[in-house]
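Each remark here refers to the structure printed beneath this line.
So that the names make sense, note that chain A is the first sequence line, chain B the second, and so on, each numbered from 1. Being a predicted model, the structure only gives us computed values, none of them experimental.
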Amino acid sequence: MRMPRDVSVLRITPPADLVLKTAVCSYGYFKLAPNRWDEASQAYHTIVRSGDEQLINVAVTQPSQALRVTCRPGVWRTDAVNVRRQLSRILRLDEDFSAFHKRHAGAKRAGFGRLIRSATLFEDIVKTMTVCNVAWANSVRMNELLCEHFGDGGFPTPSQLAGSRADAVKRKCKVGYRAAWIVRLARDVAAGKFDVAWFEDTQRDGDESFDRLRIIHGVGPYAANNICMLLGHYDRLAIDTETYRHFKQVHQVDTAGRDAQLHRRIERHYEKYRPYQYLAYWYELWHGYGDRFVAEDTR
DNA sequence: GGTAGACCTGGACGC
DNA sequence: GCGTCCAGGTCTACC
């Protein structure tokens, strides 16, 4: 049997408007394991899987327009296809943002729009569960521990978590009450009761996806809207306390209003960007953070 | 449909 | 040190 080399280098030709750092660092999930951005080398690091077993350490840089992908260990053709497919999902290489950029000059200038996501929808859902109702540092820790204890370094697969007890996940990963939700979802995905592929169909309607996501135990209105955004449905705003804070501060809104009123006001404000309301909102937030978004461990 | 309280965790803060 | 509060919510029971 031929053994793979220690290192393989792949080359990916991305869409012309892709700026690697902007795509990676414009959404907080780039700080959640197994993701990492190395500012010194301007490299995005992650760990992907080829099949359920093989873990591949990946480093992506953009020395020219093309992406340079370094894989350790080296990969053969089938594994290379898997690496390319997963990076395509992570960096949204198949999405076209030209219509959004026509409406938003600032986002166009910044090359903004490709918000990083995970290699799989399962990982996106679990990551969303770990960022709810918790300080950011805790979310970082939960994802590190999930990778360490249940994913052998990579993000755990549904089958890896499905065979685990919720109390073990809770104890080892410090995820608290989220453990039961995570294990339940993993079991449903592994058993085929929750069809992940259904959501990946680009023709799906955002409302339809939202309704199905809400069936998942642990996915409320905020989480479902956030996951819809990750699926490419940008016409839905994941409104949370951070949105309220941002809106009150940036748009000088009277803080005496009730949340429901503020919620409607926020939706009206971004309506002009339909169907890209979320991107317009997130651009404001990201632009306001500036380099702090990359440098700090808080959002 | 709207609201209140419980739920894990860990850091920040006041005492 | 210790208690309390809070963070990019969700669920359940109750009205």
Between A:Arg141 and A:Asn138, a side-chain donor and acceptor under 3.5 Å: no
Give the rounded distance in Å between these two atoms: CZ of A:Phe210 and C1' of C:dT10. 12 Å
On DNA chain C, does the nearest nucleotide to A:Trp181 precede the nearest nucleotide to A:Ala135 from the 5' side, or the other way round? Give the residue. A:Ala135
Between A:Gln65 and A:Pro15, is there a donor-acceptor pair closer than 3.5 Å when you use the side chain of the first and the backbone of the second? yes
Picking from C:dA7, B:dT9, C:dG9, the nucleotide nearest the side-chain atoms of A:Lys174 would be B:dT9
To the nearest Å, give me how far apart CD1 (A:Ile239) and P (C:dT10) are. 13 Å
Which nucleotide wins on minimum distance to the side chain of A:Pro221, given the candidates B:dC8, C:dA7, C:dT10? C:dT10
Should A:Asp17 and A:Lys108 count as an ion pair when the cut-off is N to O under 4.0 Å? no
Kindly state each residue pair satisfying ring pair (Phe, Tyr, Trp, His ring centres under 6.0 Å) with at least one member in residues 182-204 of chain A, sequence neighbours excluded. A:Phe194-A:Phe199
With a non-hydrogen cut-off below 4.0 angstrom, is A:Ile216 in contact with a base, only sugar-phosphate, or nothing? sugar-phosphate
Under 4.0 Å, counting only non-hydrogen atoms across every strand here, what does A:Arg178 touch: a base, just sugar-phosphate, or nothing? base
Counting only non-hydrogen atoms, which of residues 112-119 of chain A are less than 4.0 Å from DNA chain C? none
So, is A:His217 close to the C:dT12 phosphate, meaning a side-chain N or O under 4.0 Å from OP1 or OP2? yes
Roughly how many Å apart are B:dA4 and C:dC6, using the P atom of each and rounding to a whole number? 16 Å
Does the ring of A:Tyr276 carry A:Arg103 above it, NZ/CZ under 6.0 angstrom from centre and within 45° of its axis? no
Who pairs with B:dG10 - Watson-Crick or G-U, where each distance is under 3.5 Å: C:dC6
For A:Ala238, answer base if it contacts any base atom (sugar-phosphate contacts may also be present), sugar-phosphate if it contacts only those atoms, and nothing otherwise; contact means non-hydrogen atoms under 4.0 Å. nothing
Starting the side chain at C-beta, find the nucleotide from B:dT9, B:dC7, C:dT10 nearest to A:Tyr177. B:dC7
Determine: side-chain N/O of A:Arg141 to OP1/OP2 of B:dT9, distance under 4.0 Å, yes or no. no
Rounding to a whole Å, what distance do you find between A:Asn138:CG and B:dC7:P? 18 Å
Interatomic distance, A:Arg264 CZ vs B:dG1 P [rounded to whole Å]: 14 Å
Any side-chain donor near an acceptor of the partner, A:Tyr29 and A:Thr128, under 3.5 Å: yes
Do A:Glu123 and A:Val126 touch side chain to side chain, with heavy atoms closer than 4.5 Å? no
Which nucleotide in the list B:dC7, C:dT10, B:dT9 gets nearest to the side chain of A:Val134? B:dT9
Nearest-Å distance, CG (A:Asp167) to P (B:dT9)? 12 Å
Which whole-number value in Å describes the distance from A:Met129 CE to B:dC8 C1'? 15 Å
If you assign A:Val219 and A:Tyr278 each to the DNA chain C nucleotide with the nearest heavy atom, which residue ends up on the more 5' nucleotide? A:Tyr278
Per A:Asn133 side chain, nearest of listed nucleotides B:dG10, B:dC7, C:dT10: B:dC7
Can you check whether A:Glu271 reaches A:Gln277 side chain to side chain, under 4.5 Å on heavy atoms? yes
Atom-pair distance (CE on A:Met142; C1' on B:dC7), nearest Å: 12 Å
How long is the line joining CG of A:Leu145 and C1' of B:dC8, in whole Å? 14 Å
With sugar-phosphate meaning primed atoms plus P, OP1 and OP2, does A:Arg214 contact a base, only sugar-phosphate, or nothing at under 4.0 Å between heavy atoms? sugar-phosphate
